[in-house]
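Working notes for the structure below.
First the proteins, then the strands, lettered A, B, ... as listed; each starts at 1. In what follows, every heavy atom counts, from backbone to side chain, and hydrogens, waters and symmetry copies are set aside.
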Number of protein chains: 2
Amino acid sequence: MNHMSEANEQMTIRQMCAEFGVTPRTLRFYESKELLAPLRRGQTRLFTRRDRARLKLILRGKRFGFALEEMRELLDLYDRDDTRLLQLRKGLKLGRKHLAEMEARRGELDEAIRDLRAELDHGARVLSQATAKPMTVKPTPEPEVIR
Amino acid sequence: MNHMSEANEQMTIRQMCAEFGVTPRTLRFYESKELLAPLRRGQTRLFTRRDRARLKLILRGKRFGFALEEMRELLDLYDRDDTRLLQLRKGLKLGRKHLAEMEARRGELDEAIRDLRAELDHGARVLSQATAKPMTVKPTPEPEVIR
DNA sequence: AGGCCGGCTGACGTTTACGTCAACGTAACG
DNA sequence: CGTTACGTTGACGTAAACGTCAGCCGGCCT
């Protein structure tokens with residue numbers, strides 16, 4: 001009962017690593033870059049729910065090719081410090097820019113997916129034809145246009 | 001003189017750079033990694049439509065965080081060498097894996113977009129409320145500056 | 001008391017994806 | 001015929017994002 005105190009609020013570095021699949025080095029590195037700001041019990045880091053939220057966003061950003069430095073600025077937007085209006089304005093502007101980037105990227109991703117699908121379809125077609133009549137092995141002088 | 005020769009088929013390194021917004025170094029680097037294989041007129045590289053197609057895919061892949069090495073394997077899939085069936089099979093498998101990754105990534109991207117939008121809406125709401133009744137402004141060190 | 005675990009701080013190493021610079025070739029321009 | 005422009009090949013440098021290793025704490029078990 002005791003060791004199950006409702007504090008999964010603060011967690012150690014190992015627990016964080018387990019939850020997010022990163023190494024301690026990574027978390028310390030992020031802290032050094034001021035992306036995270038865990039509490040301290042003596043020397044030991046204690047990661048809060050805020051750190052977890054930020055880390056989630058960081059890793060998400062990374063997966064889409066945003067640099068850590070870019071993410072750092074954006075993180076404040078998610079912090080919802082509604083008291084400082086100037087900051088908020090800046091954050092909104094930045095956020096909108098980011099959103100536009102992401103939507104553009106989604107469009108491109110869709111295109112890439114379409115293209116890749118087309119290639120896969122083509123490949124599958126060629127393959128089924130080849131296995132159907134295995135005579136047509138080498139000469140493929142089809143007038144197919146490469147687009 | 002014949003600057004209008006119909007050969008935009010083979011193009012020089014500068015022309016490539018202009019078309020794709022990269023540096024010569026980048027193209028030479030890609031060649032060294034066997035991602036491109038331009039022809040040669042003596043020493044000079046001549047990039048073909050094949051190189052252009054590949055470069056387009058490379059840059060696209062990069063924008064979505066795929067490493068050059070990953071892209072290199074995939075590029076063959078787009079080459080449509082329909083003669084080597086075993087290769088084709090391998091390529092298809094790889095391509096499908098890649099496609100699955102991209103689709104997963106698109107799902108995540110959509111989620112990220114939704115989240116960011118929510119934050120932006122929240123921010124905008126807070127901001128409009130604050131400007132409507134500016135009494136609830138926490139002690140801001142600086143007086144409000146317009147944008 | 002001794003030993004191990006988990007965490008901490010440097011500090012240097014590594015990988016990826018190029019940038020930068022030197023030295024050279026060659027073709028055209030004036 | 002010199003210089004300007006574009007091309008080439010090394011070779012070394014760099015920024016980002018960690019990995020790795022050494023050395024040192026402070027608890028906790030036995």
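- With sequence neighbours excluded, the residues satisfying side-chain contact (heavy atoms from CB on, under 4.5 Å) with B/K90 are B/Q87.
- We find that CG of A/L36 is positioned 14 Å from C1' of D/dA17, with the value rounded to whole Å.
- Under the salt bridge (charged side-chain N to carboxylate O under 4.0 Å, His left out) criterion, B/D115 pairs with A/R60, sequence neighbours left out.
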Exercise answer: donor-acceptor pairs, residues 100-108 of chain B side-chain atoms, under 3.5 Å, sequence neighbours excluded:
unit_1: B/E103; atom_1: OE2; unit_2: A/R117; atom_2: NH2; d: 2.2
unit_1: B/R105; atom_1: NH1; unit_2: A/R63; atom_2: O; d: 3.1
unit_1: B/R105; atom_1: NH1; unit_2: B/F64; atom_2: O; d: 2.4
unit_1: B/R106; atom_1: NH1; unit_2: A/D110; atom_2: OD1; d: 2.9
unit_1: B/E108; atom_1: OE1; unit_2: A/R63; atom_2: NH1; d: 3.2
unit_1: B/E108; atom_1: OE2; unit_2: A/R63; atom_2: NH1; d: 2.0

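- Side-chain N or O atoms of B/R52 include one that pairs as donor or acceptor with a backbone N or O of B/E9 at under 3.5 Å.
- Distance CG (A/L46) to P (C/dG7): 11 Å, rounded to an integer number of Å.
- Nearest to the side chain of A/L68, among D/dC18, C/dG7, D/dT8, sits D/dC18.
- At whole-Å resolution of the value, CE in A/M16 and P in C/dG7 are 13 Å apart.
- Looking only at side-chain heavy atoms (C-beta outward), A/M16 and A/V22 stay at 4.5 Å or farther from each other.
- With rounding to whole Å, B/L59 atom CG is found 13 Å from C/dC18 atom C1'.
- Rounded to an integer number of Å, the gap from CZ of A/F66 to C1' of D/dA17 is 17 Å.
- For A/L127, the side-chain contact (heavy atoms from CB on, under 4.5 Å) criterion is met by B/L85, B/L88, B/R89, B/L92, not counting sequence neighbours.
- OP1 or OP2 of C/dG6 has not a single side-chain nitrogen or oxygen of A/T12 nearer than 4.0 Å.
- Scored by the side-chain hydrogen bond (donor to acceptor under 3.5 Å, both in side chains) test, B/R96 finds no partners at all (sequence neighbours excluded).
- For the pair B/R41 CZ and C/dT26 C1', the interatomic distance rounds to 12 Å; values are reported in whole Å.
- For DNA chain C, the residues of residues 23-33 of chain B within the heavy-atom distance limit of 4.0 Å (strictly under) are B/T23, B/R25, B/T26, B/F29, B/Y30, sorted by number.
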I'd like a table of atom pairs between the protein and nucleotides 24-29 of chain D - only N or O on both sides, under 3.5 Å - with the distance next to each one.
none

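- The side chain of B/K62 places no N or O atom within less than 4.0 Å of a non-bridging phosphate oxygen (OP1 or OP2) of C/dT16.
- Look at CD1 on B/I13: it is 15 Å from C1' on D/dA5, rounded to the nearest Å.
- D/dT8 atom C1' lies 5 Å from atom CD of B/Q43, rounded to whole Å.
- Applying the side-chain contact (heavy atoms from CB on, under 4.5 Å) criterion to A/L35, with sequence neighbours excluded, gives A/Y30, A/K33, A/I58, A/L68, A/R72, A/L75.
- A/R114 meets the side-chain hydrogen bond (donor to acceptor under 3.5 Å, both in side chains) test with no other residue; sequence neighbours excluded.
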